[in-house]
Amino acid sequence: MTGPRFRIAPSPTGYFHVGGARTALFNWALARRLGGTFVLRIEDTDIERSQPEWTQGIIDALAWIGISADDPHFEGPYFQSEYAAEHIAAAQQLVAGGHAYYCDMTAADVEARNKAEGNQGYQGWSRDRGLGPGPGHVLRFRVPAGSTIVHDLVRGDVEFDNALIEDFVLLRGNGSPMFLLANVVDDMSMRITHVLRAEEHLSNTPKQQMMWLALGHEAPVWAHLPLLVNEQRKKISKRRDKVALEQYRDEGYLPEAMVNYLMTLGWTPKGDEIQPWAQMEGDFLLEDVNHSPAFFDLKKLAAFNGEYIRALTVDQFAAACRPWLLAADAPFPADRFDEQMFLAMAPHIQPRCVTLADAAGVVDFLFLPDPVIDEAAWAKTFGATESVAVLRDSIVAYEAVVDWTAESLKASLEATGEAHGLKLGKAQASVRVAVTGRTVGPPLFEALEVLGRAETLRRMRAAEATLA
RNA sequence: GCCCCCAUCGUCUAGUGGCCUAGGACACCACCCUUUCAAGGUGGCGGCACGGGUUCGAAUCCCGUUGGGGGUGCCA
């Protein structure tokens with residue numbers, strides 16, 4: 001693979017952020033279409049929490065959204081922690097080139113001096129003190145005079161006055177490299193040509209660009225993507241928002257829907273909003289990416305998901321629902337689940353699901369020994385005396401039904417309702433609440449057919465007995 | 001505080017000086033369909049933040065204001 005080299009550099013935190021997923025998708029689209037490479041680098045230098053399984057979690061999350069480690073465009077994962085020697089070497093190269101110097105002031109020293117002088121930030125006090133390395137000595141970058149222009153493919157040229165950028169720390173007092181240094185050195189050694197990342201990194205980009213230059217390289221192509229924000233217009237974060245991609249997967253969102261929705265945040269597919277990945281991959285251009293933050297709208301995501309669920313064949317739908325139908329926290333015990341019954345009802349529940357997890361809740365009454373009675377529904381329905389009468393009469397009528405099919409059950413109840421001056425819409429409520437416990441649900445007569453004569457009548461009689 | 005980014009319906013956006021009476025999607029509302037609820041269909045509500053310029057002509061270009069966000073660590 002000789003084309004441009006892209007990368008994502010997540011830190012292993014135990015979950016994969018949806019914002020990171022969007023960034024990954026943009027990188028992936030470009031790497032694939034341009035015949036380039038998508039590099040995965042795990043920034044695991046925050047030693048404390050950094051477990052091997054977190055890395056696998058990232059790989060799994062990427063695979064879920066279609067970024068497969070087996071694809072020839074995929075490279076990695078690399079681990080930042082394994083490149084510590086390179087980071088230090090680069091730091092030394094900067095010292096040798098006069099681009100960095102040691103400083104023995106602690107954070108407290110800096111603060112005290114600033115307080116005394118009424119300043120803010122580090123004022124380059126140790127620039128010319130000729131200090132060498134030593135315990136507690138940090139290495140600082142000597143920010144040159146002038147200005148730095150970041151050429152950003154999304155935002156255009158952004159100019160920063162170097163005088164406003166303090167001599168930032170490269171190496172800590174204990175000699176370990178800081179993130180900014182490690183990040184740049186890794187990008188350089190992995191020959192990254194395009195850095196696409198969230199806008200939050202834009203302010204630090206001049207520092208990185210100065211390092212690239214000081215280290216004798218040309219800066220990569222930068223592209224800062226609009227942030228994903230919540231309803232408060234703040235960037236979505238783990239503390240406040242539902243940001244874990246895995247959570248959406250577990251709640252029954254289809255990866256295709258998630259991918260499609262994520263792609264529309266900051267970019268607009270040509271033609272229809274809903275469209276396959278291949279088409280978006282073919283059309284995606286950084287130049288078309290928007291500049292303003294995008295609200296991560298759960299409602300719209302849900303709409304996309306419903307759309308994708310409905311586009312499934314019935315068999316695909318039924319198969320996709322299985323994990324939730326058989327889950328330990330399903331509303332009914334797994335051993336009561338009946339594949340055939342579910343399959344028969346599947347076409348009717350498919351358009352009623354926003355997530356795959358919804359299916360279990362829609363058909364639960366079929367697999368529960370007894371329906372869970374919703375008190376409000378019961379009271380509302382049987383508060384009317386004719387409803388009670390309809391229930392009683394429909395029991396008699398159903399006992400006499402010859403073919404236990406949806407059509408005959410419907411015709412029968414229609415007749416019963418008519419006898420009480422009720423239209424079907426009203427009359428069916430009695431049977432629905434008696435059998436399913438609720439006033440809403442999938443088409444009733446189809447459900448009764450699937451449930452069977454014995455169980456249906458048993459439930460209707462039980463309801464009648466309760467009413468008596 | 002300072003620096004940077006951003007600004008079209010509630011939301012995601014189309015729009016790159018005349019094609020805009022500002023288009024679409026989600027949400028919302030109404031109606032239709034209907035066996036409840038969905039789905040589907042039809043219609044509706046709703047926006048260029050404000051003020052100055054530039055121009056024959058500005059949602060589109062420039063400046064300012066306001067508002068929002070991000071950054072500014074011996075965090076990543």
Side-chain angles (χ1 to χ4, degrees), chain A residues 9-13 43-46 80 103 105-108 110 120-122 136-140 150 152 154-156 158-161 163-166 168-180 182-183 198-207 224 226-227 229 231-235 261 264-274 290-304 306-307 309-310 348-354 358 362 377 381 406 409-410 413-414 417 423-429 431-433 436 438-447:
Chain A
S11 39
T13 51
E43 305 219 318
D44 58 348
T45 42
D46 190 6
Q80 184 159 74
C103 172
M105 293 177 73
T106 63
V110 172
Q120 264 190 328
Y122 179 77
H137 293 197
V138 299
L139 184 70
R140 288 183 180 272
V150 171
D152 188 296
V154 169
R155 279 150 218 286
V158 183
E159 184 169 1
F160 296 85
D161 182 352
L164 269 9
I165 299 173
E166 68 175 33
F168 51 96
V169 173
L170 262 15
L171 255 30
R172 297 186 182 86
N174 67 8
S176 65
M178 291 285 289
F179 157 74
L180 230 45
N183 190 266
E199 197 212 302
E200 53 189 314
H201 296 284
L202 181 56
S203 291
N204 283 322
T205 303
K207 295 179 188 171
H224 290 90
L227 247 26
V229 300
E231 47 288 314
Q232 277 93 234
R233 299 254 115 206
K234 300 204 187 300
K235 68 175 179 179
Y261 177 62
T264 67
L265 263 20
W267 179 72
T268 309
K270 311 251 172 290
D272 288 341
E273 208 169 34
I274 301 278
N290 281 300
H291 300 182
S292 36
F295 173 49
F296 187 75
D297 188 350
L298 277 325
K299 282 198 173 154
K300 187 138 186 182
L301 205 215
F304 269 56
E307 193 91 29
I309 284 179
R310 275 171 252 128
H348 304 297
I349 74 173
Q350 190 170 355
R352 274 163 252 261
C353 289
V354 164
D358 289 344
V362 177
T381 302
L409 292 168
K410 179 185 177 189
L413 190 58
E414 235 158 7
K423 294 205 162 151
L424 186 55
K426 202 93 173 150
Q428 57 98 36
V431 178
R432 183 181 290 279
V433 172
T436 75
R438 291 186 285 251
T439 52
V440 302
L444 182 62
F445 306 110
E446 287 74 1

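Within every chain, numbering begins at 1; the chains are lettered A, B, ... in the order of the sequence lines, protein sequences first and strands thereafter.
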Next on the checklist: Can you give me the closest heavy-atom contact between Ile274(A) and Glu307(A), atom names plus distance?
Outcome noted: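 Looking at all heavy atoms of both residues, the closest pair is CD1-CG, 4.0 Å.
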Checklist entry - For the residue pair Cys353(A) and Ile309(A), what are the closest heavy atoms and their distance? => result O-CD1, 3.9 Å
Using purine N1 to pyrimidine N3 plus N6-O4 or O6-N4 for Watson-Crick, or N1-O2 and O6-N3 for G-U wobble, each under 3.5 Å, what pairs with [N]?
N	result
rG40(B)	rC32(B)
rU66(B)	rA7(B)
rG1(B)	rU72(B)

Checklist entry - For the base of rG70(B), is there a side-chain donor-acceptor partner from Glu199(A) under 3.5 Å away? => result no
[X] [atom1] to [N] [atom2]: how many Å, rounded?
X	N	atom1	atom2	answer
His348(A)	rU34(B)	NE2	C1'	14 Å
Leu180(A)	rU72(B)	CG	P	9 Å
Asp272(A)	rU13(B)	CG	P	18 Å
Leu265(A)	rU13(B)	CG	C1'	10 Å
Tyr261(A)	rU13(B)	OH	C1'	11 Å

Checking contacts here: which listed nucleotide ([options]) is nearest the side-chain heavy atoms of [X]?
X	options	value
Lys235(A)	rG70(B), rA14(B), rU72(B)	rG70(B)
Thr268(A)	rU11(B), rA14(B), rA38(B)	rA14(B)
Lys300(A)	rG73(B), rA25(B), rA14(B)	rA25(B)
Leu424(A)	rG24(B), rG1(B), rU35(B)	rU35(B)
Thr264(A)	rC4(B), rC12(B), rU72(B)	rC12(B)
Gln428(A)	rA27(B), rU35(B), rC74(B)	rU35(B)

Can a side chain N or O of [X] be found less than 4.0 Å away from OP1 or OP2 on [N]?
X	N	value
Arg233(A)	rC12(B)	yes
Arg172(A)	rA76(B)	yes
His291(A)	rC5(B)	no
Arg310(A)	rA38(B)	no
Asn204(A)	rU72(B)	yes

Checklist entry - Looking at Phe445(A), does the NZ or CZ of Lys410(A) lie under 6.0 angstrom from its six-membered ring centre and within 45 degrees of the ring axis? => result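 Cation-pi check for Lys410(A) and Phe445(A): fails.
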Checklist entry - Can Glu199(A) and Arg155(A) be said to form a salt bridge (charged side-chain N to carboxylate O under 4.0 Å, His left out), step by step? => result CA-CA 10 Å; Glu199(A) 197 212 302; Arg155(A) 279 150 218 286; 3.6 Å; yes
